[in-house]
Peer 1: 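Structure below; questions to follow.
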Amino acid sequence: MNGGTFRGAATALAMVVATACAGGDAFKPIEVGDEAPAFSAAGLDGDSLSLADFAGKPVLVNIWATWCAPCRKEMPEIEELYQLYRDQGFQVAAVSIDNRSAGDQIVEFTEEMGTSFTILHDAEQTITRDYQTIGVPESFLIDGAGVIRARWTGRFSPLAPEVKALVERTLSEAE
């Protein structure tokens, strides 16, 4: 590539970035304190569930995939967190972003992990776009009013004292 072509390509890229940044809130990352974007995804039984189905209850939305090693490590801890607080109204919606043909793999994964919370499948990865995720796993604690209270990018420690304290605080505020 000669110098003129390189400068032209660099200028074009700079214009694209500037245009995207000038778009306002459309490109604003999802942050703690923001209203959680609405979503809908298929449950393993084929029925569709949405964020609205969890209204009034704190919900941990965990975005994961069967091929994700960190997801495999954190899933049992998410189950344990769910068991600790489910009787108080705490919910978990774990959203697999595996491809459309991975239904059997998702079922095998969740059986192996012993999950008892809601498992959803978003093969189109709509939620990853709406929540502006950068990989898997990624998790969001959403309060009963639909506000994001925490965001964890990458594997997190669901049983850490600060996570449990935040879940407890979110549950008490929902009452």
Side-chain angles (χ1 to χ4, degrees), residues 20-21 23-66 68 70-71 74-99 106 109-110 113 115-175:
C21 291
D25 288 342
F27 294 99
K28 178 184 171 284
I30 301 297
E31 298 175 348
V32 171
D34 289 347
E35 183 175 335
F39 69 82
S40 180
L44 294 182
D45 60 2
D47 290 340
S48 183
L49 287 173
S50 69
L51 182 60
D53 292 316
F54 299 98
K57 300 174 187 170
V59 60
L60 177 71
V61 175
N62 173 256
I63 301 167
W64 64 282
T66 57
C68 165
C71 300
E74 82 178 3
M75 196 67 71
E77 290 183 23
I78 292 173
E79 174 64 26
E80 195 170 334
L81 183 72
Y82 174 64
Q83 292 298 326
L84 282 172
Y85 297 108
R86 72 179 183 170
D87 290 342
Q88 297 170 50
F90 179 64
Q91 299 292 309
V92 173
V95 184
S96 167
I97 60 165
D98 285 285
N99 66 39
I106 295 168
F109 181 95
T110 58
M113 294 292 120
T115 59
S116 61
F117 47 76
T118 302
I119 302 291
L120 301 173
H121 186 195
D122 181 20
E124 290 77 30
Q125 298 186 18
T126 304
I127 192 168
T128 61
R129 287 187 298 277
D130 292 346
Y131 279 69
Q132 301 171 11
T133 62
I134 59 172
V136 289
E138 195 154 343
S139 299
F140 300 83
L141 179 61
I142 302 168
D143 68 18
V147 175
I148 296 174
R149 299 292 301 274
R151 179 180 186 164
W152 296 278
T153 301
R155 182 174 177 236
F156 79 113
S157 299
L159 299 174
E162 63 273 10
V163 174
K164 290 171 33 177
L166 181 58
V167 169
E168 291 169 7
R169 192 167 45 254
T170 306
L171 281 164
S172 70
E173 292 169 359
E175 294 175 352

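Since this is a predicted model, take the numbers as computed values, not measurements.
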Peer 1: Sequence neighbours excluded, which residues qualify as salt bridge (charged side-chain N to carboxylate O under 4.0 Å, His left out) partners of Glu80?
Peer 2: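 If we apply the salt bridge (charged side-chain N to carboxylate O under 4.0 Å, His left out) test to Glu80, skipping adjacent residues, there are no hits.
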Peer 1: Could you pull out all residues at least two apart from Gln88 that satisfy side chain to side chain donor-acceptor pair (under 3.5 Å)?
Peer 2: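 Gln88: no side chain to side chain donor-acceptor pair (under 3.5 Å) contacts found.
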Peer 1: Suppose we screen for side-chain contact (heavy atoms from CB on, under 4.5 Å). Which residues come up paired with Glu35, at least two apart in sequence or across chains?
Peer 2: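 Partners of Glu35 by the side-chain contact (heavy atoms from CB on, under 4.5 Å) criterion come out as none, since no residue qualifies.
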Peer 1: Taking the side chain as every heavy atom from C-beta outward, state whether Leu120 and Ile127 have any atom pair closer than 4.5 Å.
Peer 2: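 Leu120 vs Ile127: side chains apart.
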Peer 1: Which donor-acceptor pairs under 3.5 Å do the side chains of residues 160-169 make with protein atoms, sequence neighbours left out?
Peer 2:
from   : atom 1 : to    : atom 2 : distance (Å)
Glu168 : OE2    : Tyr85 : OH     : 2.5

Peer 1: Show me the donor-acceptor pairs within less than 3.5 Å that the side chains of residues 135-144 make with the rest of the protein, sequence neighbours left out.
Peer 2:
from   : atom 1 : to     : atom 2 : distance (Å)
Glu138 : OE1    : Ile134 : N      : 3.0
Glu138 : OE2    : Arg151 : NE     : 2.7
Glu138 : OE2    : Arg151 : NH2    : 2.5
Glu138 : OE2    : Thr153 : OG1    : 3.4
Ser139 : OG     : Asn62  : ND2    : 2.8
Asp143 : OD1    : Ala145 : N      : 3.0
Asp143 : OD1    : Gly146 : N      : 3.0
Asp143 : OD1    : Val147 : N      : 2.9

Peer 1: Anything under 30° is parallel, anything over 60° is perpendicular, the rest tilted; go ahead and classify Phe109 against Trp64.
Peer 2: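 Correct class here is parallel.
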Peer 1: Taking only residues two or more places apart in sequence, or in another chain, which ones meet Asp130 in a side chain to side chain donor-acceptor pair (under 3.5 Å)?
Peer 2: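 If we apply the side chain to side chain donor-acceptor pair (under 3.5 Å) test to Asp130, skipping adjacent residues, there are no hits.
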Peer 1: Checking Asp122 now: which residues fulfil side chain to side chain donor-acceptor pair (under 3.5 Å) with it, not counting sequence neighbours?
Peer 2: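 If we apply the side chain to side chain donor-acceptor pair (under 3.5 Å) test to Asp122, skipping adjacent residues, there are no hits.
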Peer 1: Using the test ring pair (Phe, Tyr, Trp, His ring centres under 6.0 Å), find all partners of Phe156 that sit at least two apart in sequence or belong to another chain.
Peer 2: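 Expected list: Trp152.
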Peer 1: I'd like a table of donor-acceptor pairs (distance under 3.5 Å, sequence neighbours excluded) in which one partner is a side-chain atom from residues 48-58, with atom names and distances.
Peer 2:
from  : atom 1 : to    : atom 2 : distance (Å)
Ser48 : OG     : Ser40 : OG     : 2.7
Ser50 : OG     : Ala52 : N      : 3.3
Asp53 : OD2    : Ser50 : N      : 2.7

Peer 1: Name all residues meeting the side chain to side chain donor-acceptor pair (under 3.5 Å) criterion together with Glu79; count only those two or more places apart in sequence or in a different chain, and write none if there are none.
Peer 2: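 Glu79: side chain to side chain donor-acceptor pair (under 3.5 Å) contacts with Gln83, Ser116.
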